[in-house]
Protein chains: 2
Amino acid sequence: MNGAKRGASRATTIIDIAKVAGVSKSTVSLVLKDSPLVKPGTRQRVNQAIEQLGYVYNRSAASLRTSKSSFVGMVISDLMNPFFAELAVGIEDELNDFGFVPILANTNENVDRQARVLQSLLEHGVAGVIMSPANGTDAWTLAATLPRSLPVVLTMRRVEGSPLPYVGPDNRTGACRAVRHLIGLGHRRIAFIGGFGTMTTQSERLSGYFDALQEAGLQRDETLIFDAAPTRNGGMDAAARALAHSGRPTAAFCFNDIVAIGVTRAIALRGLRVGADIAVIGFDDVVGAEHNLPPLTTVSADTRLMGARAARGLLGLIEGADPATASFTGETRLVIRESCGAQQETIGGTT
Amino acid sequence: MNGAKRGASRATTIIDIAKVAGVSKSTVSLVLKDSPLVKPGTRQRVNQAIEQLGYVYNRSAASLRTSKSSFVGMVISDLMNPFFAELAVGIEDELNDFGFVPILANTNENVDRQARVLQSLLEHGVAGVIMSPANGTDAWTLAATLPRSLPVVLTMRRVEGSPLPYVGPDNRTGACRAVRHLIGLGHRRIAFIGGFGTMTTQSERLSGYFDALQEAGLQRDETLIFDAAPTRNGGMDAAARALAHSGRPTAAFCFNDIVAIGVTRAIALRGLRVGADIAVIGFDDVVGAEHNLPPLTTVSADTRLMGARAARGLLGLIEGADPATASFTGETRLVIRESCGAQQETIGGTT
DNA sequence: CTGAAAGCGCTTACAG
DNA sequence: CTGAAAGCGCTTACAG
């Protein structure tokens, strides 16, 4: 058995403070919730007693009585990824503002672990769940795990076939914007690098890529699509394949900024120049935004804002709002980080 | 009032399942905790009922009754920093293994916010708290906020004057190792760059820096110590000052790897070569380890492991262990990341 | 092996 | 404005 006692001995309760203040515990409860029903003098005596005894409110007991919880499950697929860390910060911050606290679960992209933590979250009585689903999450399994009545919002990744509300970047429009930018630079053979077909995020970004090609009257060429792990090494590997392609692309649109960094490196290792020889653009701008490391052009949405919106959406659901109102797609902008220095330029763009 | 109902209508309880299984609720409770006191046949009927009704255990109610909590407060000073994100992952993972769940609070280096979240954590009945204290945390205030009886472990940063158990890297020995490495390379004028005197982490690393100088019979020169924010820009600024120094240093020991990246960049911007003209070494290896971005030499401990140790230490305290047993200092190793490629070499070293 | 009973710390009508 | 009473969902001796 795990678990620990609250405090060393018996906790001080509203009964204790009722005794000291010379009132009933109902009255104490009323002052705790700032009820206008209690006389100022009484209120003051009660507050004094609270101060004096160092009383701390037992929210769990209240929660049991009212069946209202202030816990929210925050299920993150990979907290080591700065992208999701930023998301988590956005969620936590917003939740805090509304008096809720997040229980963190990092699934590390493991669907079994995800199933376990969801169960645990239920037992802990969360009022709702915000989750970036682990890769490979199955809509049916998810539906079977979560009570129909539990408010849930998916974030950053959809689950194919699930009707759950979704908060995330506008992948399709963003990808289209990125590829349109490359086309505007004169590129005609543009590779799509990174991600796997099983990821809804990839298919959305791929759709945007195709949109831009079509809009420019360019032929789509499936051989220019290179699946790869959404990591730096994935980017390096895929770039090697792309560069060996008989009709070598002159530009690469990368699944995300981390892939783009790998691609950039692979290009440099072959003695080619990024930009001059091969243009590279990524999606998301987390690594760059935080450390401002590589000069890189990306298209990205405000991750933290999306975290906040996910939280707000969930809180709405908890209050009984229509699930449709919880969804939100983040607008993307083109960010051109020209050099190694701090200077950077943002080219806005409403979706 | 915030909070939401558990489920849509009344939750199913052990009473419901007792009825269906034809036993008393005590018996249900016993099977829930796998008591050997219950007959296999009965156990099976109960489990069937549980399955059938989709019962979910209400851990909060149990917690109220037993005054044992499975919540742990995880107070992180800056979750956007990948260093702390990795720490959080280590903590969460270990906690999970022992059936505890972390309530996450990101203080964002704000001591007021920290005080608020600690209070909130108490009200939510956490069994203990693991925290990386926000910069500027005062021992006295902290002691006043936290009940004497609450198990707490500090991690990654000490709070000056606080006797709370501490889990973190061996800053002094690590810094000494780093500077010794530079001295071994022939350097005699070695700058210390980054951090502020108010950070216990800086003073510990500074001590190690002095240790190495002294051990080599080198004079300490306070003008070679450059305080700066522990950020990339802080590193750039401080490096500019260091490079303008009349007796320009030939090497820099940086407060952390992020500062080191800034220093590296500042050196490059001036047309000097890192390594050949000025050697750079950092502490911690988070940015590099994750993205493998810049070639950089660092001295670092295993952050995730330290998270796990912090968690284990806290769980020990919760079980009543001696506070002294909760402390742990992580051994550091020298990591030489030679080039842009994936190759890297680790030169071990027991502390 | 199983059941009846008390109680964890709170809230909430309901009387006064 | 304030008090007595019931109850949220569980656990835990205590009898049988």
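Each chain gets a letter, A, B and so on, in the order the sequences are listed, and its residues count up from 1.
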Chemist: For A:K68 and C:dC10, what is the distance between atoms NZ and P respectively, to the nearest whole Å?
Modeler: 18 Å

Chemist: Fill in the dot-bracket string of DNA chain D, one character per base: . for unpaired, | for a pair to another strand, ( ) or [ ] for pairs within the strand, taking Watson-Crick or G-U pairs under 3.5 Å.
Modeler: |||.||||||||.|||

Chemist: Which whole-number value in Å describes the distance from B:L32 CG to D:dT12 P?
Modeler: 12 Å

Chemist: Checking contacts here: which listed nucleotide (C:dT12, D:dT2, D:dT11) is nearest the side-chain heavy atoms of A:K39?
Modeler: D:dT2

Chemist: A:K25 has an atom NZ; how far is it from atom C1' of C:dC8, in whole Å?
Modeler: 11 Å

Chemist: May I ask you to verify if any side-chain N or O of A:T27 is less than 4.0 angstrom from the OP1 or OP2 atom of D:dG3?
Modeler: yes

Chemist: Check the orientation of A:F71 and B:F71. Use parallel for under 30°, tilted for 30 to 60°, and perpendicular for over 60°.
Modeler: parallel

Chemist: If you define the side chain from C-beta out and look only at heavy atoms, does anything of A:L164 sit under 4.5 Å from A:L142?
Modeler: yes

Chemist: What about A:S26: does its side chain form a donor-acceptor pair under 3.5 Å with the base of D:dA4?
Modeler: yes

Chemist: Heavy-atom nearest nucleotide on DNA chain C for B:V23 versus A:I14: which residue maps closer to 5'?
Modeler: B:V23

Chemist: Given C:dT12, C:dC1, D:dC10, identify the nucleotide with an atom nearest to the side chain of B:A61.
Modeler: D:dC10

Chemist: Figure out the CG/C1' separation between A:D34 and C:dT11, and round it to whole Å.
Modeler: 16 Å

Chemist: Can you tell me the distance, in whole Å, between the CG atom of A:L64 and the P atom of C:dT11?
Modeler: 11 Å

Chemist: In this structure, how many angstroms lie between the P atom of C:dG9 and the CD atom of B:E123, rounded?
Modeler: 16 Å

Chemist: Return no unless some side-chain N or O of B:S24 is found under 4.0 Å from OP1 or OP2 of C:dT2.
Modeler: no

Chemist: Answer whether the closest heavy-atom distance between the side chains of A:T303 and A:F83 falls below 4.5 Å.
Modeler: yes

Chemist: Within the distance-only criterion (no hydrogens, no angle test), does the side chain of B:T145 pair as donor or acceptor with the backbone N or O of B:T141 below 3.5 angstrom?
Modeler: yes

Chemist: Distance check: side-chain N/O of B:T42 vs OP1/OP2 of C:dT2, anything under 4.0 Å?
Modeler: yes

Chemist: Nearest-Å distance, CZ (A:R45) to P (D:dT2)?
Modeler: 8 Å

Chemist: Measuring to OP1 and OP2 of C:dT12, would you say a side-chain N or O of A:K33 lies under 4.0 angstrom away?
Modeler: yes

Chemist: Measure the distance from CZ on B:R43 to P on C:dC1 and round it to the nearest whole Å.
Modeler: 10 Å

Chemist: Under 4.0 Å between a side-chain nitrogen and a carboxylate oxygen: does that hold for A:D93 and B:R113?
Modeler: yes

Chemist: Is any side-chain heavy atom of B:R304 closer than 4.5 Å to one of B:L87?
Modeler: no

Chemist: B:S132 and B:S77: side-chain donor and acceptor closer than 3.5 Å?
Modeler: yes

Chemist: Starting at the 5' end of DNA chain C and moving along, which residue's nearest nucleotide shows up first, A:L30 or B:R65?
Modeler: B:R65

